[in-house]
Amino acid sequence: MRSQNGAAYRGKSIGDISSPASETAMRPSSLRKIDAILKAAKQEFFAHGLGDTSIEAIARRADVSKVTIYNQFGSKDALFFKVIDAECQRMRGVIMAKLAEDASLRETLCAFGEVMLAMMTNPETVRFERILAAEAGRDPEIGERFLASGPRVMRGTLADILADAAKRGELELDDPDVAAEQLGAMIKGFLAVELRFGQSPDVSPEARSARIARAVDTFFRAYATRG
């Protein structure tokens with residue numbers, strides 16, 4: 001696994017695009033204010049969306065002034081993008097913590113699937129993605145930045161894992177990105193559609209594990225090295 005040998009995974013966070021200036025050089029009090037603003041903004045954006053959320057409401061919830069928010073982030077859109085980035089970084093951190101463990105390829109792929117489904121079926125994540133989809137209809141850049149910061153990075157991480165396995169002779173594949181997309185699609189299956197339209201499929205740990213095991217077994221039948 002590339003996470004174990006130190007090479008960087010692919011993908012670029014939108015934190016590289018929009019981030020509070022000189023964040024690493026800020027005083028602890030300023031960092032606490034930024035953290036409070038981001039938490040408040042996430043709550044407001046998740047509850048009301050970008051269009052119906054006001055800077056005033058975020059400022060009240062964070063117990064800061066509007067001027068502080070504008071000084072740190074510049075605009076409501078920039079703050080929204082930063083919230084997206086922070087949420088994607090949180091998701092990536094959960095996945096990478098799982099992948100850092102010493103495990104077989106099958107165990108690694110199952111762990112990846114477990115984290116992916118746990119996040120995908122989390123009610124807060126479902127609400128977050130619905131809001132993003134609605135906002136992306138108004139401003140396609142929102143959708144592009146979310147995809148660049150989250151799902152595409154996750155697909156790249158999985159593709160890197162598969163590419164490393166192919167180099168070790170565990171898999172036979174020509175295009176790791178396509179293989180990663182196929183495995184992710186098999187794991188999600190129809191579940192993503194049901195969640196998007198407000199249904200309540202079985203997302204218990206047992207059901208998730210069975211779904212992932214079937215997908216990984218099918219993937220190995222297609223790509224495992226023939227002896």
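When reading the values below, keep in mind they use all heavy atoms of this one structure, side chains included, and skip hydrogens, waters and symmetry mates.
- When every heavy atom of Phe45 is checked against every heavy atom of Ile131, the shortest pair comes out as O-CD1, 3.2 Å.
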Exercise. Might you work through the side-chain contact (heavy atoms from CB on, under 4.5 Å) test for Thr218 and Met186, ending with a clear yes or no?
Key: CA-CA 9 Å; Thr218 300; Met186 284 193 293; 3.7 Å; yes
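- The two residues Lys66 and Ala59 make their nearest non-hydrogen contact at N-CB, 4.0 Å.
- Closest heavy-atom contact between Ala215 and Leu183: O-CD1, 4.0 Å.
- With a 4.5 Å cut-off on side-chain heavy atoms, Thr157 and Phe112 count as touching.
- How far CG of Leu117 is from CZ of Arg208: 7.0 Å, rounded to the nearest 0.5 Å.
- Atoms CZ and CG, from Phe219 and Leu171 in turn, are 5.5 Å apart once rounded to the nearest 0.5 Å.
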Quiz prompt | side chain to side chain donor-acceptor pair (under 3.5 Å) evaluation trace for Asp77 with Ser75 | solution = CA-CA 5 Å; Asp77 281 0; Ser75 69; 5.7 Å; no
Practice problem: Using the side-chain contact (heavy atoms from CB on, under 4.5 Å) rule, take Lys42 and Arg61 through it: C-alpha gap first, then chi angles, then the decisive distance, then the call. | Solution: CA-CA 11 Å; Lys42 175 182 173 180; Arg61 188 182 286 271; over 6 Å; no
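- In this structure a side-chain-to-backbone donor-acceptor pair under 3.5 Å is missing from Glu141 to Asp139.
- At a threshold of 4.5 Å between non-hydrogen side-chain atoms, the residues Met116 and Ile187 count as touching.
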Quiz item: Please walk me through it: do Phe81 and Leu50 pass side-chain contact (heavy atoms from CB on, under 4.5 Å)?
Solution: CA-CA 10 Å; Phe81 293 144; Leu50 175 60; over 6 Å; no
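- Side chains of Leu195 and Thr121 form a contact here, defined as non-hydrogen atoms less than 4.5 Å apart.
- Taken from CG in Asp85 to CZ in Phe80, the straight-line distance is 12.5 Å, to the nearest 0.5 Å.
- Side-chain atoms of Arg226 come within 3.5 Å of backbone N or O of Ala224 as a donor-acceptor pair.
- For the side chain to side chain contact (heavy atoms under 4.5 Å, CB included) criterion with Ile37, the lone passing option out of Ile55, Asp63, Ile69 is Ile69.
- Evaluated for a side chain to side chain contact (heavy atoms under 4.5 Å, CB included) with Leu162, the options Leu173, Val178, Asp177, Thr108 yield exactly one hit, Leu173.
- In this structure, Leu109 CG and Ile212 CD1 are separated by 10.5 Å, a value rounded to the nearest 0.5 Å.
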Quiz prompt | salt bridge (Lys or Arg N to Asp or Glu O under 4.0 Å) between Arg221 and Asp217, intermediate numbers included | solution = CA-CA 6 Å; Arg221 284 195 290 272; Asp217 288 343; 5.4 Å; no
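- Annotation: the span from Ser65 atom OG to Asn71 atom CG amounts to 7.5 Å, rounded to 0.5 Å.
- In terms of heavy atoms, Ala62 sits closest to Ala36 at CB-O, 3.6 Å.
- Atom CZ in Arg196 sits 10.0 Å away from atom CZ in Phe190 (nearest 0.5 Å).
- Between Pro151 and Phe146, the closest heavy-atom pair is CD-O, 3.2 Å.
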Exercise. Walk me through it: do Arg106 and Glu170 pass the test salt bridge (Lys or Arg N to Asp or Glu O under 4.0 Å)?
Key: CA-CA 10 Å; Arg106 190 181 191 283; Glu170 296 184 64; over 6 Å; no
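- With hydrogens and angles disregarded, no donor-acceptor distance shorter than 3.5 Å links the side chain of Glu194 to the backbone of Pro201.
- Glu129 pairs by the salt bridge (charged side-chain N to carboxylate O under 4.0 Å, His left out) definition with nothing, not counting sequence neighbours.
- Look at Lys39 and Asp35 and you find a salt bridge, because one of the NZ, NE, NH1 or NH2 atoms lies within 4.0 Å of a carboxylate O, short of that distance.
- Phe73 and Val67 fall into different hydrophobic clusters, defined by Ile, Leu, Val, Met, Phe, Trp and Tyr side-chain heavy atoms under 4.5 Å apart, directly or through other members.
- Partner Glu44 forms a side chain to side chain contact (heavy atoms under 4.5 Å, CB included) with one of Thr53, Asp52, Val83, Leu79 and no other, that one being Thr53.
- In terms of heavy-atom proximity, Ile34 sits nearest to Gln72 at CD1-OE1, 3.7 Å.
- Although no hydrogens or angles enter the test, the distance criterion places a donor-acceptor pair under 3.5 Å between the side chain of Arg211 and the main chain of Lys188.
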